[in-house]
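What follows is a single structure, written as structure tokens, with notes after it.
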There are 2 protein chains.
Amino acid sequence: MRDRPVVLLKPAVRRTTLAVDVVVLSPRVDALAVLLVRAPSSARERWSLPWDAPQVGEGLEDAAARITRVVLGAAPAFFEQVGTLSDGRRHPGDAEVSVGIAALSPAGVGQPIMDAEWFPLASLPAIAPRHRTIVDHAAAVVRQRVDQSPLAFRLLPPAFTLSDLQGVYELLLGRRLHKASFRRALQASYLVEPMDEWHSEGRGRPAQLFRYAPKKRRGVRRGVRFDLFTD
Amino acid sequence: MRDRPVVLLKPAVRRTTLAVDVVVLSPRVDALAVLLVRAPSSARERWSLPWDAPQVGEGLEDAAARITRVVLGAAPAFFEQVGTLSDGRRHPGDAEVSVGIAALSPAGVGQPIMDAEWFPLASLPAIAPRHRTIVDHAAAVVRQRVDQSPLAFRLLPPAFTLSDLQGVYELLLGRRLHKASFRRALQASYLVEPMDEWHSEGRGRPAQLFRYAPKKRRGVRRGVRFDLFTD
DNA sequence: TGACATTGGTGACGAATTGTTACTAATTCG
DNA sequence: CGAATTAGTAACAATTCGTCACCAATGTCA
């Protein structure tokens, strides 16, 4: 055991500079995309995550919603904090502390303002080091939560086909899923309900539309799944 | 779609007051326990979470480690951020923003200082509202991550019996597990390896000691488990 | 000393779940 | 019309899971 400090803890708050950095994620063709904004020409990198300080009395998620509305024109369907950073890495506004927030937005909702653009997660331009860290955390958090939270449904419009849903899961998980298994598991979960509409996309059989409508789950308590460990 | 703002986003950092609030968790007899410190008599509640502001240049987890060392005399085995709060709820130091951090410490490590005490998670004394929120978040995060992360091993000494391990899982999950199933799943996961030591606790057959020694997992990629949804 | 209580540990079997194959259905294209 | 394409499902085999039953090694106590 280590030596005990002689003086007790005398806690005190400290003033610091704070920013909320938002990773807006949306499914694009064949990849998850992140919304970046063009930085002022004085900045070191051309692009950055949308960010701002929370206003006085404004919650962190409220700030994230406001920032997203400004750059996308629509509030995201879902938020999740992905971590608060106070390492020394560079931030575009030189904030000492950054709160990273992932915001999920369905495909086709909103329209980026002139100075904003979607970039596939796998091929981002250069951004400030702290923003890079935040994006990586956001991707990791979303991928890790995808089968514990209805995240996938937040990346789709209210009505969707099961193929759409499977496609989003495949995007998020980064691997192909087997159609029959996917549907059987979904069926058993009572998470969606069929609508009376069909969607025809040109070729092939029209697909039935579903909506996210989770029913009370029967208490399916299972044993420990060590096979789910991620690290 | 909503109206687009006429002015673009002009991001700027804002100065604010920051605190790191630590939820030190450790398994006690039959329950998870939280370490609380006695508050100055001027405070509104008698007890509070250990907290402080991070020093200049000190990372958030580093601050949590320092705070824990002061009150427990030992650094925790594991940290996890459980969320950053900027709601209006009251904080003992009136910080505008709190970073909540869960710190896991094995049973029997360290010794609380005179003004600190363990309380079972289920029967805490009155604490500031924001601290209450942070504790609840910490418990939820730990319970949710327990079968994705080797959290349980961080609540045990380096050598432990399988009954000990099962006990920690039962504490965290809040329900009994079946011995044979638990061991079979653990076996298949290659997370532990047996040592050449046995532990005799008085009555009953002595138990073999194991250590946490995760082997490379064969890529057991499975289908989506909708049955794991927590909300 | 020898039953018995207590805790550790495992084989085995039926039930449930999962991975896969192979099929049917409904549509467009040429 | 038939081929191509996408949607949807029945059914079978392989695997995993929940449980029961049992054996092993120790302390307790009559």
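Naming convention: chains lettered A, B, ... in sequence-line order (proteins, then strands); numbering from 1 in each chain.
Between the side chain of R184(B) and the base of dG11(C), no donor-acceptor pair under 3.5 Å is found. Applying the 3.5 Å distance criterion, the base of dA4(D) shares no donor-acceptor pair with the side chain of R203(A).
Note: CD (Q187(A)) to P (dT18(C)) measures 14 Å, nearest angstrom. R176(A) has its CZ atom 16 Å from the P atom of dG19(C), to the nearest Å. One can place CZ of F226(B) at 11 Å from P of dT18(C), the figure rounded to the nearest angstrom.
Using a 4.0 Å heavy-atom criterion, one finds that A207(B) contacts the sugar-phosphate atoms exclusively. Nucleic acid contact class of S163(B) (heavy atoms, under 4.0 Å, all strands): sugar-phosphate only.
Side-chain proximity of R205(B) to dG8(D), dG8(C), dG19(C): nearest is dG8(C). Side-chain proximity of R222(A) to the nucleotides dT19(D), dA7(D), dT18(C) is greatest for dT18(C). The side chain of Q208(A) has dG8(D) as its nearest neighbour among dG9(C), dG18(D), dG8(D). Side-chain proximity of P206(A) to the nucleotides dA26(C), dT10(C), dT18(C) is greatest for dA26(C).
A side chain to side chain contact (heavy atoms under 4.5 Å, CB included) with S105(A) is found for one member of T68(A), L25(A), L72(A), L35(A) and no other, namely L72(A).
A donor-acceptor pair shorter than 3.5 Å can be found between the side chains of Q148(B) and Q148(A). T133(B) and D136(B) share no donor-acceptor pair across their side chains, judged by distance under 3.5 Å alone.
Note on ring orientation: taking the six-membered ring where Trp is involved, the planes of W47(A) and F119(A) are perpendicular (angle over 60°, cut-offs 30° and 60°).
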